[in-house]
Amino acid sequence: MYTPCSATVPAQMNPSQHLLIRDRGCHVQANRFTEMQQVQEGEIADVDEDLAEIHRQEDAQVDIEDGMYVAVLVAAFGGVRIPLKERGHVKIHPIFLFILCVPLLIAQGSTLFALRTDLHLVRPVYDDSPASQQLLRLKILMAMILYCMNFKMLANSVQLMFFIMNPITWVEIKNPTWNQWGGSLNGCLPIKLKKVLFATPLIAPWAFLAVGMKLLVAYLVCTDSVSVIFEADSIKEAIFNSLALAFVMDLSQSWWNCVAHVFHLSPLEEFFFKLSPERVWTEEGNIKEERLRELFFPALMKCIARITNIRIGAVRTTRTFLSRGAGARRVENFFALVVMYGICKRQLLVVLFAINTNVLPAARDVCTQYLWHQGIGVERMWQFLLHLLARRAEQMLVVDVKNEIRELEFLKANCTIEDPKFHRMTMEHISQMEAEYIWLTLPFSLALGAIFLGPHLLYAFHGTLLPPKTGEEAETIDEDQFAELDSLSVKASNQNIEISVLKQRMLDLEKKLGSQSGV
């Protein structure tokens with residue numbers, strides 16, 4: 001509350017000067033108090049606006065893991081920030097984090113290549129002794145355990161790839177517009193430059209490449225794990241070699257922790273992808289005009305939303321099925337599981353081929369690299385492009401790949417174009433393994449398809465597959481819903497109490513500011 005003020009003046013001044021100075025002092029003090037009230041009211045309005053925006057937002061339910069590669073994806077949606085004292089925050093452009101992913105990929109790739117060449121590549125997988133047969137069964141079990149350990153990371157990488165490739169993701173997931181990038185440092189960049197640097201076409205590719213790097217490393221670890229385990233002389237050695245591969249995978253999280261600590265970046269645990277359907281979609285399922293004005297390709301996004309406006313399963317919505325809550329999660333998970341099915345099936349065939357030929361899979365990979373360096377096996381266009389990409393990747397590693405391969409003695413004697421023993425697995429070999437081990441591949445395929453695709457297909461089309469509910473089932477569902485409503489009511493009451501406490505604190509702060517300004 002504002003109280004009359006008294007100005008301190010020198011004693012030698014006359015009464016009129018005393019009155020003038022006192023009035024001026026009171027006027028200045030009153031202006032200061034008015035400004036403080038306006039600032040406080042503005043802060044309260046900002047808090048109310050933020051709370052309203054939070055209530056309008058929904059969790060997009062996208063699972064992410066800590067790591068340097070995922071941090072690039074989070075940065076693409078403005079989730080990686082540097083908090084600044086009394087100046088808000090600064091959002092980090094994903095290209096800077098992508099640059100920091102390059103040394104991580106070089107370290108992981110160099111470690112995996114060194115691990116490959118350090119193996120005894122000519123050693124057979126097993127022999128005819130009973131002890132070797134028993135050890136082989138334990139090695140297969142160990143390979144399955146290690147694959148299960150890396151399954152979530154591999155599956156999450158595939159899911160994030162489809163999440164990024166979904167064009168509607170960049171429409172409805174909350175991400176900063178070009179004029180929101182930079183936080184409190186908005187005035188440091190020209191408007192035209194920000195429109196180019198922070199446009200979606202220059203943001204999305206870095207996230208796609210980073211998640212692609214994560215997927216590549218995860219797949220190489222799963223592939224090399226078979227050779228590392230099969231090459232071991234004992235199960236104890238196989239376990240310790242598996243720990244080395246786990247160390248390679250953990251480098252991403254360790255590198256991110258280091259970068260986040262050095263640059264004072266916000267942790268990824270505090271971020272989740274947010275949805276605001278009311279801000280994006282109309283009741284007819286079209287993209288709102290104000291949202292279209294914020295997009296880089298509004299006509300293209302509008303066309304995609306109209307063409308894909310098809311109902312998936314029992315989803316009751318008028319939006320495109322690429323929208324989250326209208327089928328996008330199910331579509332992305334379906335295609336991700338199809339890819340995972342193919343990867344798991346290929347891993348089974350790699351193991352069967354290694355047992356059938358008694359040759360380590362890593363020996364075939366190294367032999368393929370050796371032949372590529374000799375100019376063999378690159379006749380077709382796709383082979384040449386893959387060879388060219390592999391050579392550029394080899395040049396980035398810290399080891400001299402060409403000399404390392406040349407120094408392997410077994411390659412000169414065994415890896416030739418005439419002897420196919422160490423050549424890579426082809427489609428002909430896959431068909432042969434399918435026919436020879438059909439008693440294993442067929443049940444494995446059926447079981448894997450049932451485990452991966454069955455639950456998701458049933459969930460996606462449960463509205464059309466399940467029979468209508470009876471009266472007793474409806475009553476049971478009503479009871480369960482009433483129980484959920486009671487639980488939500490309790491949570492709402494607790495939140496109301498917390499809101500009341502926050503309001504009381506704000507009132508106390510207002511009184512405190514008023515008393516300080518009245519002194």
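Residue numbers count from 1 along this sequence.
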Residues in ring pair (Phe, Tyr, Trp, His ring centres under 6.0 Å) contact with F263, at least two apart in sequence or another chain = none

With sequence neighbours excluded, tell me which residues meet ring pair (Phe, Tyr, Trp, His ring centres under 6.0 Å) with Y147.
->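 Scan of Y147 (ring pair (Phe, Tyr, Trp, His ring centres under 6.0 Å), adjacent residues dropped) gives none.
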
Hey, what do you get for CD1 (I106) to SG (C101), rounding to the nearest 0.5 Å?
->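 Between I106 CD1 and C101 SG, I get 11.5 Å after rounding to 0.5 Å.
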
Are the side chains of [X] and [Y] in touch, meaning some heavy atoms are under 4.5 Å apart?
| X | Y | value |
| --- | --- | --- |
| I173 | R324 | yes |
| I82 | I92 | yes |
| S323 | E172 | yes |

Restricting to pairs with a member in residues 228-262, which pass ring pair (Phe, Tyr, Trp, His ring centres under 6.0 Å), not counting sequence neighbours?
->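 Listed by first then second residue: nothing to list.
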
May I ask you to decide if [Y]'s main-chain N or O and [X]'s side chain share a donor-acceptor pair within less than 3.5 Å?
| X | Y | answer |
| --- | --- | --- |
| Q253 | D66 | no |
| S225 | C222 | yes |
| N156 | K152 | no |
| R81 | S266 | no |
| N166 | F162 | no |
| T169 | M165 | no |
| E231 | R123 | no |

Kindly determine whether M340 and Q159 satisfy side-chain contact (heavy atoms from CB on, under 4.5 Å), including the steps that lead there.
-> CA-CA 10 Å; M340 289 302 301; Q159 290 174 347; over 6 Å; no

Specify the closest pair of heavy atoms between V211 and S157, including all atoms of both residues, with the distance to one decimal.
->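 Smallest interatomic distance, heavy atoms only, reads CG1-O, 3.5 Å.
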
Can you see which heavy atom on T441 is nearest to which on M433, and at what distance?
->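 Nearest heavy atoms, T441 then M433: CG2-O, 4.3 Å.
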
[X], [atom1]: over 12 other non-hydrogen atoms inside 6.0 angstrom:
| X | atom1 | answer |
| --- | --- | --- |
| K302 | NZ | no |
| F151 | CZ | yes |
| F444 | CZ | yes |
| K288 | NZ | yes |

Determine, stepwise, if the pair F163 / F273 fulfils ring-ring contact (aromatic ring centres under 6.0 Å, His included).
-> CA-CA 11 Å; F163 172 73; F273 294 96; 5.1 Å; yes

